[in-house]
Amino acid sequence: MDIKVRLKQKENWIIAFAATAVLCLLAGLRFDFFYDLNDDVLMKDILAGVYTGTPEGHNIQMLWLVSAFISLFYRMAGSLPWYGIFLCACHLGCFFLILKRSLAFSRTFWGKLAVALTEALLFGALFLEHLVFAQYTVTCTFLAAAAAFLFYTTDIELTAAAFIKKNIPVAFFVFTAYLIRSEMLLLVLPMICVAGAAKWGSEAKIFTKEHAVKYLAVIGMILAGIALGQLTHMAAYSSPEWKSFTEFFNNRTELYDFQEIPSYEENRAFYESIGLTESEKILFDNYNFGLDEEIDESMVGQIARYAGENRKAEKPFLEKLPEKLKDYLYRFLSGRGKAGSDYPWNFMVLLGYGAAFVSAIPRKYTKERIQQEGRMTYVKNLLGVSWKLLFLFAVRTALWMFILMRERAPERITHSLYLMEFCILAAFVFIQYKGICYVRTRKLWGAVLAAGFSVLAIGILPGSIEAVSDRQVRREEVNGLYRELYDYLSSEEKERNFYLIDVYSSVSYGGEPYSEKMFVDVDNSLDNYDIMGGWACKSPLQTKKFANFGIENMEEALREREDVYFVRMKSEDMQWLFDYYEGHGTPIQAELVETIADTFEIYAVFAAGR
């Protein structure tokens with residue numbers, strides 16, 4: 001076979017791979033890749049064996065199956081940054097597959113280049129921040145968005161068997177997304193259902209045996225994958241220790257993420273009824289609850305429920321609804337420079353709705369058919385796309401109101417929702433573009449679409465690059481301070497000691513979170529420190545970590561052992577520590593032994609009067 005013919009057959013693969021490689025290369029040359037938050041670093045540490053000394057499959061935040069899979073690679077080659085590789089591979093792999101499928105809708109080489117350039121610009125303008133600062137919640141949604149796009153753009157003319165086979169990767173993507181972040185996948189699952197309903201509703205005859213087989217089989221594969229992931233996770237976490245911790249983790253998440261911890265003075269009777277003193281309650285305020293062995297899943301659950309009841313009483317649902325609806329509309333419709341706006345994500349989605357609506361007008365109909373049926377053909381087209389867009393908008397509104405009403409809307413969730421919605425809208429546009437009958441109209445419409453989205457992306461891209469650059473500079477400065485601290489703690493003369501770090505002192509400096517680079521200065525050896533709270537606190541993993549250093553009880557170890565130290569940022573208060581031990585009848589003294597980077601202080605803690 002002639003080499004030109006073979007290259008032509010692989011044209012979509014080559015263009016998509018080249019565009020993905022160039023994006024990765026440019027981002028890698030201009031920026032370093034970071035884990036977005038210290039939570040992501042802890043997940044990596046658990047998987048890599050940094051936390052307990054052994055790569056662990058119980059990653060707590062992810063479901064067991066994918067955690068075990070990643071940890072297996074660390075067991076085989078522990079010096080490599082497998083978790084970072086996994087996240088980046090998911091991001092770039094999703095972009096590659098979406099672009100490759102998009103190229104199939106263009107019939108000319110120059111048209112394919114235009115598609116590749118447009119999508120690369122969009123990806124860079126919108127997703128650059130999440131590519132450079134990776135966060136597993138966004139990774140989950142990108143997989144789900146790619147699945148919805150690939151499903152909707154599958155050739156509707158395929159036989160049932162071919163259609164099902166073509167969508168096996170779709171089911172696998174949803175399965176993987178569920179394993180990575182089950183809560184996020186369930187949040188966006190209604191949007192996947194919209195894509196499924198819209199695809200099925202596009203059939204000329206909807207209720208036929210063949211169509212039922214086609215679509216129900218794909219739904220079945222997706223549900224089977226979710227069930228498999230959940231069942232294996234439940235089996236892996238079935239021990240009494242993990243069950244107890246899972247309850248603690250869920251209650252802690254509810255309390256800190258969705259409620260507000262009630263003050264002690266105004267709620268003294270409640271706290272006394274559950275046996276919590278004021279000096280112990282402050283451990284909830286500053287997150288250092290690991291210091292108290294008596295704080296368990298039952299106590300955290302009682303506080304979370306009490307806090308929830310208080311919040312409902314302060315602002316009932318119907319009173320809060322109009323306020324959040326106004327917030328929802330403001331975020332969705334406000335543009336550049338407006339405080340609280342979701343620009344540029346909202347403008348991309350708004351443009352997507354417009355493109356999906358307008359691109360439906362000239363679909364599928366020849367001049368002869370229009371003459372036979374009249375201009376009602378255009379009305380049918382608009383009605384056909386209108387119900388899909390209204391359905392999608394209704395679902396997105398419900399999801400947005402859900403997160404706004406719960407008052408939990410960080411960018412990793414809001415950007416994920418926009419990403420999911422935009423990919424579905426893009427799928428609508430491509431399918432409608434394919435159905436345009438006249439070549440001239442198709443070329444014109446393709447040029448208008450490419451130009452419109454490219455112009456908006458080009459307008460956004462410089463700002464995105466600048467924002468990521470500024471964030472990297474700040475992150476480098478903060479990480480430099482923490483690196484000095486951790487280098488000191490892990491030095492040869494200190495490695496036999498153990499250091500307990502105040503939680504807020506470990507999180508950020510000057511408002512910029514601490515995290516690590518994915519692929520630079522990789523060290524997967526066991527750490528000799530831990531924070532005094534956080535989402536891994538009181539887990540079997542922490543018990544295993546402490547056992548490596550002969551620690552059974554954090555409170556006793558800090559007070560009694562000479563090789564266990566307390567670490568805080570100078571700007572953080574530590575009076576709570578003295579009050580806590582005083583409240584337990586075991587007063588302490590603390591001696592400053594070292595100051596690191598003029599930012600962190602290390603204290604030896606011992607019984608008062610010793």
Side-chain angles (χ1 to χ4, degrees), residues 38 42 51-52 60 241 244-245 247-249 251-253 255-256 261 264 271-272 274-304 485 489 497-507 527-569 571-593 600-608 610:
N38 58 340
L42 180 54
Y51 191 69
T52 63
I60 303 174
E241 295 80 11
S244 175
F245 171 74
E247 183 180 352
F248 179 90
F249 177 83
N251 290 337
R252 183 209 62 83
T253 300
L255 178 62
Y256 283 102
I261 301 174
Y264 196 88
Y271 284 117
E272 289 179 349
I274 63 173
L276 196 70
T277 66
E278 189 168 6
S279 63
E280 292 169 334
K281 187 264 181 181
I282 199 172
L283 300 182
F284 283 96
D285 295 333
N286 61 23
Y287 239 105
N288 293 308
F289 49 76
L291 191 62
D292 194 335
E293 290 291 315
E294 295 179 0
I295 295 176
D296 58 11
E297 65 275 13
S298 175
M299 181 178 290
V300 177
Q302 289 179 77
I303 297 174
L485 171 65
L489 301 186
N497 297 333
F498 195 82
Y499 299 88
L500 293 169
I501 306 175
D502 165 63
V503 172
Y504 281 120
S505 299
S506 72
V507 173
D527 281 338
N528 62 332
Y529 54 84
D530 198 7
I531 60 176
M532 301 173 75
W535 52 261
C537 182
K538 298 182 180 286
S539 69
L541 295 178
Q542 188 179 66
T543 301
K544 183 176 180 179
K545 180 181 183 68
F546 282 177
N548 288 322
F549 296 90
I551 296 174
E552 294 184 3
N553 181 297
M554 189 186 299
E555 179 182 347
E556 292 181 3
L558 182 59
R559 181 175 181 268
E560 303 296 336
R561 287 181 47 167
E562 296 182 354
D563 59 348
V564 178
Y565 296 85
F566 172 73
V567 182
R568 69 149 183 172
M569 194 177 289
S571 58
E572 293 294 331
D573 173 57
M574 65 179 290
Q575 183 59 43
W576 62 268
L577 188 64
F578 297 100
D579 293 343
Y580 173 79
Y581 279 99
E582 182 74 30
H584 278 213
T586 55
I588 59 166
Q589 292 177 288
E591 179 183 342
L592 178 64
V593 297
F600 299 99
E601 294 180 336
I602 299 175
Y603 289 87
V605 176
F606 47 89
R610 192 172 73 185

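Residue pairs meeting the side-chain hydrogen bond (donor to acceptor under 3.5 Å, both in side chains) criterion with at least one member in residues 545-554: none, sequence neighbours excluded.
Side chains of E555 and H584 form a contact here, defined as non-hydrogen atoms less than 4.5 Å apart. At least one side-chain heavy atom of Y581 sits under 4.5 Å from a side-chain heavy atom of L558. Put simply, the side chain of Q542 reaches to within 4.5 Å of the side chain of Y51, judged on heavy atoms. Counting heavy atoms from C-beta outward, Y256 and I261 have side chains that approach closer than 4.5 Å. Contact annotation: the side chain of F546 approaches that of F498 to within less than 4.5 Å [non-hydrogen atoms, C-beta and beyond].
Contact record, F245 with P540: CB-CD, 4.0 Å, taken as the closest heavy-atom pair. The two residues A607 and R559 make their nearest non-hydrogen contact at CB-NH2, 3.4 Å. In plain terms, the two heavy atoms of V593 and A604 that are nearest each other are CG1-CB, 4.0 Å. Shown here for A557 and V564, the closest heavy-atom pair between the two residues is O-CB, 3.6 Å. The two atoms that bring V503 and G534 nearest to each other are CG2-N, 4.4 Å, heavy atoms only. Contact detail for M532 and L291: the closest heavy-atom pair is CE-CD1, 3.8 Å.
No more than 12 heavy atoms of other residues, nucleotides or ligands shown are found within 6.0 angstrom of CD on E294.
Under 3.5 Å, the side chains of N288 and D502 contain a donor-acceptor pair of N or O atoms.
Although no hydrogens or angles enter the test, the distance criterion places a donor-acceptor pair under 3.5 Å between the side chain of D296 and the main chain of M299. For Y271 (side chain) and I303 (main-chain N/O), no donor-acceptor pair under 3.5 Å exists by modelled atom type. Distance alone, capped at 3.5 Å, is enough to place a donor-acceptor pair between the R561 side chain and the G550 backbone. Between the side chain of N251 and the main chain of E297, a donor-acceptor pair closer than 3.5 Å is present. With hydrogens and angles disregarded, a donor-acceptor distance shorter than 3.5 Å links the side chain of E280 to the backbone of T277. In this structure, the side chain of S505 does not engage the main chain of R568 through any donor-acceptor pair within 3.5 Å.
Between the CG atom in N286 and the CG atom in D573 there is a gap of 8.5 Å [rounded to 0.5 Å]. Within the model, atoms CD of E572 and CD of E601 stand 11.5 Å from one another, a figure rounded to the nearest 0.5 Å. Rounded to the nearest 0.5 Å, atoms CD1 (I551) and CD (E556) are 11.5 Å apart. Of the inter-residue distances, the one linking Q302 atom CD with I274 atom CD1 reads 5.5 Å to the nearest 0.5 angstrom. Expressed to the nearest 0.5 Å, how far CG of L592 lies from CD1 of I602 amounts to 9.0 Å. Atom CD of residue E560 and atom CD1 of residue I588 lie 11.0 Å apart, to the nearest 0.5 angstrom.
Using a 30° and 60° split on the angle between ring planes, F566 and W576 fall in the perpendicular class, above 60°.
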Audit row: Y529, L485, side-chain contact (heavy atoms from CB on, under 4.5 Å) steps and yes/no: CA-CA 11 Å; Y529 54 84; L485 171 65; over 6 Å; no
Could you go through F284 and L276, starting from their C-alpha distance and side-chain angles, then the distance that decides it, and tell me whether this counts as side-chain contact (heavy atoms from CB on, under 4.5 Å)? CA-CA 11 Å; F284 283 96; L276 196 70; 3.7 Å; yes
Show, in sequence, the C-alpha distance, side-chain angles and deciding distance for Y580 and I282, and conclude whether the side-chain contact (heavy atoms from CB on, under 4.5 Å) test is met. CA-CA 9 Å; Y580 173 79; I282 199 172; 5.9 Å; no
I would like to know whether R252 and W535 meet side-chain contact (heavy atoms from CB on, under 4.5 Å); could you show each step before the answer? CA-CA 8 Å; R252 183 209 62 83; W535 52 261; 3.5 Å; yes
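Taking the six-membered ring for Trp, F289 and F248 have ring centres closer than 6.0 Å.
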